[in-house]
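Here the structure is laid out as C-alpha cells; the discussion comes afterwards.
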There are 2 protein chains.
Amino acid sequence: MFGVERRSRILLLLQEKKSMLVHEIAVIFGVTEETIRRDLKELEKGGLILRTHGGAILADESKTEAALEVREGINSAGKDAIGKEAAKLIHDGDTVILDASTSSLFVAKHIKDKKGLTVITNAERIIFELSDCEDVTLISTGGILRQKSLSYVGKTAETALSNYHVSKAFISCKGFSPQKGLMDSNEQESDIRKAMLQRSEKAIFLCDRMKFDKVGYVVTAQLGDFDYFITDAPIPADWNEALKESNVALVVAL
Amino acid sequence: MFGVERRSRILLLLQEKKSMLVHEIAVIFGVTEETIRRDLKELEKGGLILRTHGGAILADESKTEAALEVREGINSAGKDAIGKEAAKLIHDGDTVILDASTSSLFVAKHIKDKKGLTVITNAERIIFELSDCEDVTLISTGGILRQKSLSYVGKTAETALSNYHVSKAFISCKGFSPQKGLMDSNEQESDIRKAMLQRSEKAIFLCDRMKFDKVGYVVTAQLGDFDYFITDAPIPADWNEALKESNVALVVAL
DNA sequence: AATTAAATCAACATATATAAACACAAATAA
DNA sequence: TTATTTGTGTTTATATATGTTGATTTAATT
C-alpha cells in the first residue's frame, strides 16, 4: 500500500470514528507509529484533521459550536500574545478593520481601553466582545450570517466594506507559506478578506505558529500585500529572506 | 478520550446546565479534579467560560442578559405572550423583518423551531438569540452599532434594508395612541422602522399595554400602516373604532 | 472576627507520546 | 551500473498529559 492510499484510508476511518489513537491506526496498517505520526502531520497540514497527544480527531467543520470553540482553544496563549502586540499598532482615534478570525478577536480584547476608536468588522464575536465599550464606534458590515464561523459574508458584506477606508486592517487565514501566500478553505471568507485588504492603507498579518505551512484551497493574499507579520514563534530560517524581499516588518510576540 | 474532546464536551455540558462543579465534571469523565481544573483554565484563557470557586459558568450569558435585563424585565410576561401570538403569523419558509425592540426579541424566541425562515434585523440581541438556529437564515442590516440599544442605525443600515423585500415586518415603538400613531424618542431608530415598513408586504404592530398612550417626540408610523395589532391587554374602548376604520386586525394575547 | 472544610495552586512524579537524528532498503534517476 | 531520493523503521532525548502530595487560599459558618 502506498502512503497516499494509507492516508486517505486514515481519513475515512476518522470520518467513521471521529477520533483515533496513533497506536490503533498503526496496528490497522501494520506500520510503526512513527509512520502514522508522519501521515497525521501531513493530513494536519492540509487542515483535514486535528492532531492531539496520542492520536487525532477529525477537523469537522460542520460541527459548528464544538469545533469552532475547540479551535479557539488551540494555541490561545500564542494568539493572545499576538493580539497584544497587534494592539500596540492601534492608537487612539484610529479606524481599523478586524477580520473574522480568532486572532482578530484577541486583538479586540486588547483595545478596549483605547479612546475614540472606530472598528469595522464582519465578526459577530468581535461585535459582541466590543459592544460594551463606550469609547469604540462599532461598525458591522452586516449581510448574511455564516453560522459556522459567526461571520458575515457575501456580496452585501463586501459592498458594505466599500463604503469605508481605514488606516489598518488586521487579517488572518487558515494556512500560510511564503511561496503560496495566505490560504483559506472557504471562498466567501477569502473574498471578504480580499475586500478588507483593498480598503486599508496598511495591512497586518496575524499568523500564529499553527498556520505555518498549513494549506487551504483558495489563495487570499500574498505576503507582499502586508506591512506587518505578527507571529508567536521563531519563523523558519528561509522565511526571513521572503519577508525582507517583500518589505514586511516581522514582529515576534512572546 | 483526548483532552480537546473532553474540553469541548465540557463546553457542551455547560451550555446545557449553565454551570457545573469541578467535582461533578471530574466524575463524568473519570479523571481527577486537577485535570478538570486545568481544562477549565484552558477554556477560560480562550474566554469561553468563567471560572468560579468550585466550578465554572458560561462566559456569554452575563453581558447581553444583564445589560438589557432591566428593559426586558418591564412587562416581560406580556411581551412574551405577544411574541407567542406574533410567532403564529410566521410560517415555515417565510422571510420576515424584526425590529430592534424587546417585543421583537420575544418573537424571535418563539420561532426557533420553524423551518427555512429568513430573518432580517438590525438588533444585535436578536442576532445573538438566533445565531445558533441552523434552520434560520440570519441577515443583519449592519451599520453603526448604537450601543444604548445594541441596534444598527444610520444611513448604512437603511440602505441595506432597501436590498430586501419581505412578507411581514414586526414593529414596536416607545408609545402609541390611535390619534398620534406610533412614537419614538430616537430619530434614528424611528427612521429604521420607517424603512422597515416600506420593505414589507404586511406589517404587524407589537404593542404591549405599557405603551398605551405613552408619547415620544418623533412619529414613526400611523395605525393605518399596519395589518395586525397585537397586544396583551384589553384595549381602551374607543380604540376599537380606530382599528376598524384602519382595517387593522386586533389580536389580544393572554 | 475566628474557625473550618473545601477548593485551588504549585511542585513534583511518571508513564506515554512525540520529535529529531540516523540507518536502511526499495524505488527512481543518471 | 551507480547515485539519489523516498519512505519507513530505530533509537534516544524531549515534551506532554495526568496524577499525587502538601501548602495556600477561599467561602461558609459559627
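Remember, predicted model here, so these are calculated numbers, not experimental data. Chain A is the first sequence line, chain B the second, and so forth, proteins listed ahead of strands; every chain is numbered from 1.
Under the 6.0 Å cut-off for aromatic ring centres, F128(B) and F128(A) qualify, their centroids lying closer than that.
Taken from CD1 in I171(A) to OG in S200(A), the straight-line distance is 8.0 Å, to the nearest 0.5 Å.
Distances from the side chain of E34(A) to the nucleotides dT20(D), dT10(D), dT8(D) place dT10(D) closest. With distances taken from any side-chain atom of V31(B) to the nucleotides dA17(D), dC9(C), dG19(D), the minimum falls on dG19(D). Nearest nucleotide to the R38(B) side chain, out of dG19(D), dG9(D), dA17(C): dG19(D). Each of dT8(D), dA17(C), dT18(D) was ranked by its minimum atom distance to the side chain of T35(B); first place goes to dT18(D). Closest approach to the R51(A) side chain among dA19(C), dG9(D), dA7(C) is made by dA19(C) (side chain taken as heavy atoms from C-beta onward). Across dA19(C), dA17(D), dT8(C), the shortest atom-to-atom separation from the side chain of H53(B) is found for dT8(C). Checked against dA19(C), dA17(D), dT20(D), the side chain of T32(B) finds its nearest nucleotide in dT20(D).
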Worked verdict on T220(A) versus D184(A) for side chain to side chain donor-acceptor pair (under 3.5 Å): CA-CA 7 Å; T220(A) 300; D184(A) 280 299; 2.6 Å; yes
Audit row: F176(A), F229(A), ring-ring contact (aromatic ring centres under 6.0 Å, His included) steps and yes/no: CA-CA 11 Å; F176(A) 170 79; F229(A) 179 104; 5.7 Å; yes
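For E33(B) and dC9(C), the CD to C1' distance is 13 Å, given to the nearest whole Å. Rounded to whole Å, atom P of dA19(C) lies 14 Å from atom CD of E42(A). For the pair L21(A) CG and dT16(C) C1', the interatomic distance rounds to 12 Å; values are reported in whole Å. In this structure, D39(B) atom CG and dT8(C) atom P are separated by 13 Å, rounded to whole Å. dA10(C) atom P lies 12 Å from atom CZ of R37(B), rounded to whole Å. Rounded to a whole Å, the CD1 atom of I36(A) is 14 Å from the P atom of dT10(D). The separation between F29(A) atom CZ and dT8(D) atom C1' is 15 Å, rounded to whole Å. When the P atom of dA5(C) is taken as reference, atom NE2 of H23(B) falls 18 Å away, rounded to whole Å.
For dT18(C), the OP1/OP2 oxygens have no side-chain nitrogen or oxygen of K41(A) closer than 4.0 Å. Listed pair R6(B) / dT18(D) meets the phosphate criterion, a side-chain N or O lying under 4.0 Å from OP1 or OP2.
At a threshold of 4.0 Å, the pair D232(B)-K79(B) does not count as salt-bridged, since none of the basic side-chain nitrogens sits closer than that to a carboxylate oxygen.
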